[in-house]
Amino acid sequence: MNAKMNIYEEASRCLLCQDAPCTKACQTGDPARAIRAIRFDNHKPALRWVKDCSDADLERAEQACIHYNWPIRIKEMLRSISEDDVDASHYPSLHIDFCGIPCENPFFLASSAVCTNYEMVAHAFDAGWAGVFYKTICMQEIKEVSPRFDAMHNDGMHGDFYGFRNMEQLSENPVDMDFDILHRLKQNYPTKVVVASIMGQTEKEWITLARKAEAAGCDAVELNFSCPQMTHKGMGSDVGQSPELVKTYTDCVKRSVSIPVIPKMTPNITHIAEPAQACVEAGADAISAINTIKSVTMDEDAEVSGRRAVSGYSGRAVRPIALRHILELSELPKKVALSGIGGIEAWRDALEFIQLGCSNVQVCTAVMQYGYRIIDDLQLGLQRYMAKRGISHLQQLVGEQLPSFLKPDNLDRTTIIYPKFNREQCVGCGRCEVSCNDGGHQAIVFDRETRQPRIIGTKCVGCHLCRLVCPSGAIGVTKRIPKKQ
């Protein structure tokens, strides 16, 4: 990769246009698709979409770029990539079983605004998504507010948010309309997995909705114990915090249907394993986690008639929290299938959930930002990763990182890894010294004449704050060695 350009940084500037002008101007390839591959962590395979492009083709594409500041440096970015070292003809299948249901890949739409009618889900299936957890169906009348979304952006970076807050509740469709949609989806897409997400207020409602799901031909039913902004009493995350209630409702549904039953857990709780364990004891076939995290944002544009409310937070900012909950669920005494949700945007995000025990992952916020088309790079990246490691079955990755997790008191505290500066890559900004002095251990000296940092080995504790703040990626690591006594 050319050190003069960070191709991921440049690709992140791309607007990801619909009917991209750059591709329309290019006569021999699809530079927009190549840039999208880079944006979603597939820079090596990106070349396949521009392999026949001349410099003139890419220059025309660049001239057609409609970026509001300055055009994406398409030619320089794509010419900076070296040829892929993984043979695409040997990519493995992503087929995997989830609680006994065969899935063509592990990628499903999460129950949300991304799957509220037949046309949306059909479009997603055509794009390559393996299944859907359809937007939650309930017996109550649902009336949504306007506006109901807010987002956390980096300063001035409109359209690209790292956190997303929503006040949306459940499906506004009549109950029978939604089950008719699910029935038609299963009829017209028999190889896709259709899961009905339901929420009741009483045992009778849970049973009625579950039986309707089974009658509609759904492959499974998800029990939404976790919506954080329900206006009706005894529904949503209030239920999900009670092991007794989730056990009761899981049990009554399990006794009423023969299809798999999948409770969806709330993160708005100290110990997610307690209600999850109650669900497992009641016979749950799998667990979904997590739903959104209760949050507050203060943007005036997101007010509803001048008022605010606590609501659900999602997006890539919540992924570490979601992974922590998945880790706890992986440690339940009785193992069940897990469906991971929370901040999945690129294939590496999905891989993290899989390596912690998920055989299925659900995506919502990333689809709301970028569309169903992200399924292309989710599959591409995961397949290439498996091919590079020589892994033929996705199931081999499920839970493979669990043995690496220990209690804090069992971690190695007798050795150290020192940071290491790459002088050629260092741009001399001095950020490492600022952070180490003000937030670390005063272990870096910055020569203002040469603009070069230097580590003071006697003070460095190996915390690696400097490596994390370095904007040019010029700080690496040395070998692990014993600490000096």
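Sequence positions, counted from 1, serve as the residue numbers for this chain. Nothing here was measured: the structure is a model prediction, and the numbers come from that model.
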- Item | Asn437 (side chain) donor-acceptor with Cys432 (main chain) under 3.5 angstrom | no
- How about Cys279 and Phe225: do any of their side-chain heavy atoms sit closer than 4.5 Å? yes
- Item | Check: Gln355 main-chain N/O paired with Gln401 side-chain donor or acceptor under 3.5 Å | no
- Query: Going by heavy atoms in the side chains, are Val361 and Ile341 under 4.5 Å from each other?
  - Reply: no
- Message: Using side-chain heavy atoms (C-beta onward) and a distance below 4.5 Å, is Glu352 in contact with Ile326?
- Response: no
- Query: Near His67 NE2, under 6.0 Å, is it more than 12 heavy atoms from other residues, nucleotides or ligands?
  - Reply: yes
- Task: Could you walk me through whether Thr266 and Asn291 pass the side chain to side chain donor-acceptor pair (under 3.5 Å) test, one step at a time?
- Result: CA-CA 5 Å; Thr266 177; Asn291 208 318; over 6 Å; no
- Not counting sequence neighbours, which residues clear ring-ring contact (aromatic ring centres under 6.0 Å, His included) with Tyr385? List them please. Trp347
- Say whether, by atom type as modelled, one donor and one acceptor occur between the side chain of Lys420 and the main chain of Ile475 under 3.5 angstrom. no
- Check the surroundings of atom NZ in Lys335: do more than 12 heavy atoms from other residues, nucleotides or ligands lie under 6.0 Å from it? yes
- Considering residues at least two apart in sequence or located in another chain, which fulfil the side chain to side chain contact (heavy atoms under 4.5 Å, CB included) criterion with Cys436? Ala443, Ile444
- Salt bridge or not for Arg324 and Glu328, using N-O below 4.0 Å? yes
Would you give me the side-chain donor-acceptor pairs under 3.5 Å for residues 107-115, sequence neighbours excluded?
from   : atom 1 : to     : atom 2 : distance (Å)
Ser111 : OG     : Tyr134 : O      : 3.0
Ser111 : OG     : Thr136 : N      : 3.0
Ser111 : OG     : Thr136 : OG1    : 3.1
Ser112 : OG     : Ala110 : O      : 2.9
Ser112 : OG     : Val114 : N      : 3.3

- If you draw a 6.0 Å radius around NE2 in His441, do more than 12 non-hydrogen atoms from other residues or ligands fall strictly inside? no
- Message: Strictly distance-based, threshold 3.5 Å: is any side-chain N or O of Asn6 a donor or acceptor partner for the main-chain N or O of Glu9?
- Response: yes
- Neighbour count above 12 (heavy atom, 6.0 Å) for Leu327 CG: yes
- Message: Would the distance check show the side chain of Arg73 and the main-chain N or O of Ile7 forming a donor-acceptor pair, the cut-off being under 3.5 Å?
- Response: no
- Message: Looking at Leu94, is its backbone amide N or carbonyl O close enough to the side chain of Glu104 to form a donor-acceptor pair, meaning the two atoms are under 3.5 Å apart?
- Response: no
- Item | Pairing residues for Asp84 by the side chain to side chain donor-acceptor pair (under 3.5 Å) criterion, not counting sequence neighbours | Arg384
- Message: Whether the side chain of Ser226 engages the backbone of Lys264 through a donor-acceptor N/O pair (distance < 3.5 Å, no angle test) should be reported.
- Response: yes
- Message: Check whether Arg39 reaches the backbone of Arg13 with its side chain - one donor and one acceptor, N or O, closer than 3.5 Å.
- Response: no
- Reported CD1-to-CD1 distance for the pair Ile374 and Ile344, which is rounded to 0.5 angstrom: 9.5 Å
- Arg148: what forms a side chain to side chain donor-acceptor pair (under 3.5 Å) with it, not counting sequence neighbours? Glu168
- Note on the structure: Rounded to the nearest 0.5 angstrom, the SG-CD1 distance for Cys22 and Ile35 is 5.0 Å
- Backbone N/O of Cys466 and side chain of Ser435: donor-acceptor pair under 3.5 Å: no
- Residues Met199 and Leu170: closest non-hydrogen pair is SD-CD1, 3.8 Å
- Can you name the side chain to side chain contact (heavy atoms under 4.5 Å, CB included) partners of Gln369, sequence neighbours left out? Asp160, Phe161, Arg316, Glu345
- Could you pull out all residues at least two apart from Phe353 that satisfy ring-ring contact (aromatic ring centres under 6.0 Å, His included)? none
- List the steps, then state whether side chain to side chain donor-acceptor pair (under 3.5 Å) holds for Asp126 with Tyr372. CA-CA 10 Å; Asp126 291 338; Tyr372 299 129; over 6 Å; no
- Item | Heavy-atom side-chain contact between Val246 and Gln277 under 4.5 Å | no
- Sequence-distant partners of Phe149, ring-ring contact (aromatic ring centres under 6.0 Å, His included), two or more places apart: Phe164
- Only counting residues at least two apart or in another chain, list the ones meeting side chain to side chain contact (heavy atoms under 4.5 Å, CB included) with Ala337. Phe98, Cys99, Ala286, Ser359
- Listed partners of Thr478 passing side chain to side chain donor-acceptor pair (under 3.5 Å), at least two apart: none
- Does any N or O in the side chain of Asp285 come within less than 3.5 Å of the main-chain N or O of Val261, such that one atom is a donor and the other an acceptor? yes
- Item | Close side-chain approach of Phe40 to Leu16, heavy-atom, < 4.5 Å | yes
- In chain order, what residues pass the side chain to side chain donor-acceptor pair (under 3.5 Å) check against His464, with sequence neighbours excluded? Arg467
- Message: Run the salt bridge (Lys or Arg N to Asp or Glu O under 4.0 Å) test on Lys75 and Asp57 for me, step by step, so that the C-alpha distance in whole Å, both residues' side-chain angles and the decisive distance to 0.1 Å come before the verdict.
- Response: CA-CA 9 Å; Lys75 185 180 77 171; Asp57 292 329; over 6 Å; no
- Does the pair Lys192/Asp219 count as a salt bridge with the N-to-O cut at 4.0 Å? no
- Heavy-atom distance under 4.5 Å between the side chains of Pro408 and Arg413, does that happen here? yes
- Item | Results of ring-ring contact (aromatic ring centres under 6.0 Å, His included) for Tyr189 - residues two or more places apart only | Phe125
